[in-house]
Amino acid sequence: MFEQPYLVGATWATGESECLPVHNPATGEVIGSVHHGGPAEAAAAVDVAAQAQRDWSKRSPRERSEILRRCFELISSDAGLADLITLEHGKPLSDAKGEVAYSAEFFRWNAEEAVRISGTMGSSPSGNNRILVRHPPLGVVVIVTPWNFPAAMIARKVAPALAAGNAVVIKPAPETPLTALRLGQILLDAGVPEGLVNIIPTSDAASWFDAAVEQQATRMVSFTGSTAVGRLLLARSAERVLKVAMELGGNAPFVVFDDADIEAAVEGAMVAKMRHSAETCTAANRFFVHRAVQDEFTEGLAAAMRDVVAGPGNDPNSTCGPMITPVAQGRIDELVKASVASGASVVTGGSSIDGGGYFYQPTVLANVAGDDPVTTAEIFGPVAPVIGFDSTDEMIAMANNTEAGLAGYVYSADLARALSTAEALEVGMVGVNRGAMSDPAAPFGGVKQSGLGREGGTEGIYEFCETQYIAVNW
Ligand code: SIN
């Protein structure tokens with residue numbers, strides 16, 4: 001059993017309040033607990049971060065880069081991080097190991113970017129003045145992260161924030177705080193100066209957040225999570241006109257044309273739907289399949305789903321872990337039942353799996369209508385609704401008929417057709433003949449209500465920078 005203090009500065013603090021329990025979703029059992037903080041602790045952490053940031057911003061980019069590179073090395077070689085992710089999130093150990101590598105890569109990529117933050121110098125049109133533009137850090141960044149990637153979503157934000165010269169105060173998801181706090185220790189071990197990274201779980205997210213963003217030193221909020229919560233954080237951040245980066249919910253279309261390699265499309269569909277136990281915001285949420293290949297694709301997908309082994313992540317045979325909570329499991333079941341009530345048919349799966357954990361049967365639904373609840377909600381579970389289409393225009397209209405616009409997928413043997421469809425989809429990222437697009441070297445993010453800003457790529461680090469213009473006459 002873990003009893004984990006939280007991190008402010010270099011202090012592992014216990015506070016006075018009772019610990020929050022952490023559960024293993026594969027069994028429902030309590031596996032440990034964390035000490036937590038409220039508004040006072042969040043405010044104090046911003047102060048500590050602000051002090052540390054003053055020194056950090058004066059360090060050379062090369063020094064910052066080398067410390068981040070050391071973070072990459074220590075995260076990559078940490079023996080226990082993947083086990084901890086599996087324990088508190090539930091995902092199969094192979095996925096957890098993939099997440100550790102993914103997390104480490106954010107540090108490697110941003111170690112490389114830290115020395116490449118550049119400005120510009122130009123002339124005014126009159127030719128009389130020089131226009132100098134530089135990108136200093138912002139100050140303190142408040143980071144709020146989800147449970148689906150307990151390490152990677154922190155790494156994706158912390159690495160560029162530090163690379164650009166900022167300090168951070170993190171509220172990890174209450175479901176997965178142990179991974180976050182272990183990551184904090186690894187960063188300290190790698191030489192990240194005390195106070196730059198502060199991690200405080202809380203039982204009172206709203207008060208914690210309010211206190212953190214009220215501090216004058218806080219200059220940015222970076223959030224990954226649901227669109228509903230993102231809207232609340234945006235409204236609150238607006239009161240202090242804070243910079244924001246929001247990675248919010250998705251409703252990804254997965255398009256299969258009649259000329260697609262169906263075997264490859266099924267393989268890609270399984271990745272797009274099922275990676276990390278189907279709990280990703282980029283997960284394929286609606287499968288639009290040309291009627292000429294609908295049966296073949298649906299049968300192939302159902303066969304692949306039947307091969308999925310839903311079980312505890314630490315069992316090497318498991319390929320899909322539990323849902324994170326009984327509430328999440330129940331919500332998925334309600335969506336499936338509502339879809340069936342409105343005419344969809346269950347090809348495979350279709351219900352929760354009884355037992356101690358929060359497992360859901362890998363499910364394929366056919367005859368799904370374009371406006372069925374299962375296609376309008378973000379499923380966040382192993383359920384694949386298949387919708388047939390005849391005309392490309394009709395399919396594009398259905399695919400874009402949502403306020404979400406994070407990711408999409410297109411399968412076709414005709415690259416021109418695939419690319420023109422990719423361009424027509426109102427999403428921030430598209431996989432063409434690929435079931436995954438996540439890459440620290442690429443700009444991750446959505447359009448419409450799926451978010452603001454980009455994480456990763458060459459764009460990512462500038463999200464954590466100011467732009468200062470100096471008018472020069474010499
Ligand atoms: C997410 O689900 O929030 C992130 C998915 C990814 O990085 O691949």
Side-chain angles (χ1 to χ4, degrees), residues 75 85 89-92 94-110 143-160 170-173 175-176 179-180 183 222-230 233 244-254 268-285 320-321 323-324 328 332 377-383 404-409 427-431 434-457 459-460 463:
I75 295 169
I85 293 173
H89 174 278
K91 64 180 75 178
S94 55
D95 280 347
K97 286 182 177 161
E99 181 178 344
V100 171
Y102 188 37
S103 308
E105 282 302 333
F106 283 111
F107 282 91
R108 175 152 68 172
W109 174 259
N110 284 289
I143 289 177
V144 179
T145 53
W147 48 262
N148 63 337
F149 285 84
M153 294 304 102
I154 292 178
R156 171 181 264 166
K157 297 171 187 303
V158 171
I170 304 168
K171 187 194 90 57
E175 295 83 357
T176 55
T179 302
L183 198 55
S222 178
F223 171 66
T224 295
S226 71
T227 300
V229 173
L233 302 193
V244 289
M246 297 272 144
E247 298 300 342
L248 308 178
N251 184 0
F254 188 104
M270 290 301 289
V271 176
K273 179 77 247 178
M274 297 299 287
R275 65 188 270 273
H276 299 269
S277 304
E279 295 173 313
T280 67
C281 55
T282 50
N285 210 58
C320 181
M323 303 299 95
I324 190 73
I332 294 164
E378 186 177 18
I379 303 169
F380 239 69
V383 177
L406 187 62
Y409 305 85
V427 295
M429 302 174 283
V430 187
R434 286 192 55 184
M437 73 276 286
S438 304
D439 187 333
F444 186 102
V447 302
K448 293 157 89 174
Q449 293 196 29
S450 282
L452 295 168
R454 292 295 179 271
E455 294 185 323
E459 294 86 344
E463 296 282 343

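Note that ligands are numbered from 1 as they come in the structure, with each ligand's atoms numbered from 1 the same way. For the single chain, residues carry numbers from 1 onward in sequence order.
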Please step through side chain to side chain contact (heavy atoms under 4.5 Å, CB included) for the pair E455 and E463, ending with a clear verdict. CA-CA 8 Å; E455 294 185 323; E463 296 282 343; over 6 Å; no

N/O contact list for ligand 1, threshold under 3.5 Å:
from     : atom 1 : to   : atom 2 : distance (Å)
ligand 1 : 2 (O)  : N148 : ND2    : 3.0
ligand 1 : 2 (O)  : C281 : N      : 2.7
ligand 1 : 7 (O)  : Y102 : OH     : 2.7
ligand 1 : 7 (O)  : R156 : NH1    : 3.2
ligand 1 : 7 (O)  : R156 : NH2    : 3.1
ligand 1 : 8 (O)  : R275 : NH1    : 3.0
ligand 1 : 8 (O)  : R275 : NH2    : 2.9
ligand 1 : 8 (O)  : S438 : OG     : 2.4

With F223 via ring-ring contact (aromatic ring centres under 6.0 Å, His included) - residues at least two apart: none

Indicate every side-chain donor-acceptor pair of residues 268-275 with a distance under 3.5 Å to a residue at least two apart or in another chain.
from : atom 1 : to   : atom 2 : distance (Å)
K273 : NZ     : A284 : O      : 2.9
K273 : NZ     : G381 : O      : 3.4
K273 : NZ     : V383 : O      : 2.8
R275 : NH1    : T282 : OG1    : 3.4

Residues at least two apart in sequence or cross-chain that pass ring-ring contact (aromatic ring centres under 6.0 Å, His included) with F444, listed by chain then number, are none

For F149, does the six-membered ring have the charged nitrogen or CZ of K91 within the cation-pi criterion, i.e. under 6.0 angstrom from the centroid and within 45° of the normal? yes

Any donor-acceptor N or O pair under 3.5 Å, side chains E99, H89: no

